[in-house]
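Every chain is numbered from 1 and lettered A, B, ... according to where its sequence line falls, protein lines coming before strand lines. Keep in mind that the numbers below use all heavy atoms, side chains included, and drop hydrogens, waters and symmetry copies. Source: prediction; values computed, not measured.
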There are 2 protein chains.
Amino acid sequence: MARGSTRPTSRDVAQAAGVSQAAVSLVLGDKWRGRVSQATAERVREAARDLGYRPNLAARNLRLGRTRTVLLVVPALTTEFFAGVYTGAARIAAEHGFGVVLYPSPEGIGPARDPFASAQSALDGVIASSMAADALTAIRGEALPLVMLDSDPDGSLGAATVNLDIADGIRQAAEHLLSLGHRRFLHLAADVPSWTFEVRARELAARLDEVPGTTVRTARSPISIEGAVTAAQAALAAPGDRPTAVICDDDQLAAGTYKAARRLGLRIPDDLSVTGVDDLALATAMDPELTTVHLNAELFGERGMRALLAVLEGRAPESGDIPVRLVLRGSTARAG
Amino acid sequence: MARGSTRPTSRDVAQAAGVSQAAVSLVLGDKWRGRVSQATAERVREAARDLGYRPNLAARNLRLGRTRTVLLVVPALTTEFFAGVYTGAARIAAEHGFGVVLYPSPEGIGPARDPFASAQSALDGVIASSMAADALTAIRGEALPLVMLDSDPDGSLGAATVNLDIADGIRQAAEHLLSLGHRRFLHLAADVPSWTFEVRARELAARLDEVPGTTVRTARSPISIEGAVTAAQAALAAPGDRPTAVICDDDQLAAGTYKAARRLGLRIPDDLSVTGVDDLALATAMDPELTTVHLNAELFGERGMRALLAVLEGRAPESGDIPVRLVLRGSTARAG
DNA sequence: GATTCGACGTTATACGTAAAACCTAGGGGC
DNA sequence: GCCCCTAGGTTTTACGTATAACGTCGAATC
């Protein structure tokens, strides 16, 4: 195809078709109705095909002042959750002629590298998870159209937000465990400063406060299976009456709790009920399968992208949280 | 910062500093030794800072004809393996002033969407996993500098390859199980056409053929925990002497095998030994912990990026496969 | 005192595209 | 016969940057 030398430009196509460069631009940009004859348009398209012409995106972006590319800033890709968010966002983007570039907040790449230098590409807008804390300040400075995922609607300084109804999910989990007779809880919380985790803590405390006789311990852990093992083990082995139910901020923490329970000789769900949040593949791989709050990651990404498109077009984004639901499996049982 | 109107250009900076646009370019491009006085350079830098100037990447890319951006094409982001590859590649890229854009091969986005349209950005080169099959033909057509990950060194048409020494890993696993007395094997293979899986099958067959009295069944499964459950269950329950050891193409398949074993009432490792490949976080979360071939994903990404940089500079990429090692844990035991 | 030279800049140009402004011929209306 | 309109193009310009080519002025060389 490419003759080894340099890529063909629209001028090369014009020459091959015997027209001006402007005509090529009109035809290929589909703006030729009434400006170029049917026959000429066909000649141009044929020449472009023969030469293997691909428009130079740098030139187009420069000319148009926009790139039809948005950045998706995520905390990490160590679980399939944000992969799902990306899939949803990319699908909607593709339907509107946009591309999505992923920016996983760097761990070990360097101290808070600038996402915009990294993407090396001008951007029309940004979708950012509130969990990608170190990238957020840089994003703010750019004054780009911005949609925040799982972020405080009041504290987001006017940026559009798209949220999962995580409060309702935690409420469902608490309700479920209460109805099974549990009264002594452990909240295994993610040690990450993000609204989405603050909500979990607030909602859980609020609900359990309403029920007389309940107690709740809180332990904090980094979001990883290994980290959760030590945190859960310490919290479960602490003096005082042992909790009978553990509410984990996500499925990885729940997996760590399983391992901690094994080490302590506790059986799930007989001695200890456990719930998670996310519904990763991990959740059904464990023994017993994990009762967890299912999050629709792809829908989350879709809604995020739709909101950004709305912002870009000056429309108001769709409002309302995305519903979630507790999936009952084998890790929860009647308090013994 | 940006006054709500439009972003400042190098010309705005020039005006603010009382110099020409060319001088701004020289100073900010660090090419001013002997061409601009120290004092003027400082004035320019200050003006740029005050205005919040950011160079327009589209313009720079157009002018230079390169983008210092490479594309990393991966099959999926459902495990942390390719997240590690990205981290390694991005680290090396950053050291050389490059950015890395991730392109997860689409599942459900559309029929083989063009990665280059998607990235919406001109690219200097591509690093592609051989597992991202549907994207590969599009990549070939672009005649871009290309590095293949885990691809057949002979069949890659001259593209540079960087490979894990997966053959050695499988050999270590087979050796380990043979030394424990196992003779009846199940190979749970990934149902994905990729060199990296062909190598596993070939190497395993070759090693077991050398030992008289061994038998090996093969089952194929899509790469997911759920998919592996059915495949492993069927293969283990098939008529004939049951295998005593299962060699899985990756850890997700191993996790599925655990679940299948539970359903069949088989205990690991007493009734069944299991090995995997990858060493995901999953591997140590399972009970018992999984004996598996540890792959250094970050090093893999680093080597891939280094090879691409070499290609871009016309040097020969470093050769030699990346070593791997079997990590012994609790899922393998003496054949009963 | 003419020449050279380095320090310090400026002017001009090109990258490839999109689109506004312009041109030309032929036909229809009056 | 003149005017205007439309179809079917072309010429020109601008996007913002990097850099090659070109000045200028004072000091140093011979």
task = Tell me which of B:Gln38 and A:Val24 sits closer to the 5' end of DNA chain C, going by the nucleotide each one is nearest to.
result =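 The answer here is B:Gln38.
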
Contacts of [X] that satisfy side-chain hydrogen bond (donor to acceptor under 3.5 Å, both in side chains) - sequence neighbours left out:
| X | result |
| --- | --- |
| A:Glu302 | A:Arg91 |
| B:Asp124 | B:Thr67 |
| B:Ser20 | none |

Rounded to the nearest angstrom, tell me the gap between atom [atom1] in [X] and atom [atom2] in [N].
| X | N | atom1 | atom2 | answer |
| --- | --- | --- | --- | --- |
| B:Arg60 | D:dT19 | CZ | C1' | 13 Å |
| A:Asn56 | D:dG16 | CG | P | 17 Å |
| B:Trp32 | C:dG6 | CH2 | C1' | 16 Å |
| A:Asp30 | C:dA19 | CG | P | 12 Å |
| B:Leu28 | D:dG16 | CG | C1' | 13 Å |
| B:Lys31 | C:dA7 | NZ | P | 19 Å |
| A:Arg66 | D:dC15 | CZ | C1' | 13 Å |
| B:Leu26 | C:dA12 | CG | C1' | 14 Å |

message = B:Arg66: which residues meet the salt bridge (charged side-chain N to carboxylate O under 4.0 Å, His left out) condition with it, sequence neighbours left out?
response =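 For B:Arg66 there are no salt bridge (charged side-chain N to carboxylate O under 4.0 Å, His left out) partners, ignoring immediate neighbours.
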
May I ask you to say what [X] touches in the nucleic acid, namely base, sugar-phosphate or nothing, with a heavy-atom cut-off under 4.0 Å?
| X | result |
| --- | --- |
| B:Ser37 | sugar-phosphate |
| B:Thr9 | sugar-phosphate |
| B:Gly34 | base |
| A:Leu62 | base |

request  = Go through the N and O atoms of the side chain of A:Arg35 and the base of D:dG8, and report whether any donor-acceptor pair is under 3.5 Å.
outcome  = no

message = Checking the side chain of A:Ser194 only, and the main-chain atoms of A:Phe197 only, is there a donor and an acceptor separated by less than 3.5 Å?
response = no

key: Check: B:Thr87 side chain, B:Ala83 main-chain N or O, donor-acceptor pair, under 3.5 Å   = yes

CD (A:Gln38) with more than 12 external heavy atoms under 6.0 Å = no

ask   = Is the count of non-hydrogen atoms from other residues, nucleotides or ligands lying under 6.0 Å from B:Gln21 atom CD greater than 12?
value =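 Enclosed.
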
query = Would you call B:Arg306 and B:Glu318 a salt bridge, using N to O less than 4.0 angstrom?
reply = no

query = Tell me, which of residues 14-23 of chain A have any heavy atom that sits under 4.0 Å from an atom in DNA chain D?
reply = A:Val19, A:Ser20, A:Ala22, A:Ala23

With the criterion being N/O to N/O and under 3.5 Å, what pairs connect the protein with nucleotides 23-29 of chain C, and how long is each?
none

ask   = Under 4.0 Å: is that the gap between some side-chain N or O of B:Ser10 and OP1 or OP2 of D:dT17?
value = yes

key: Minimum-distance nucleotide to A:Val36 side chain [options: C:dT17, C:dC8, D:dG9]   =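 Nearest nucleotide to the side chain: D:dG9.
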
Criterion salt bridge (charged side-chain N to carboxylate O under 4.0 Å, His left out) on A:Arg49 and A:Glu42, from CA distance to verdict = CA-CA 11 Å; A:Arg49 214 176 318 118; A:Glu42 194 43 55; 3.7 Å; yes

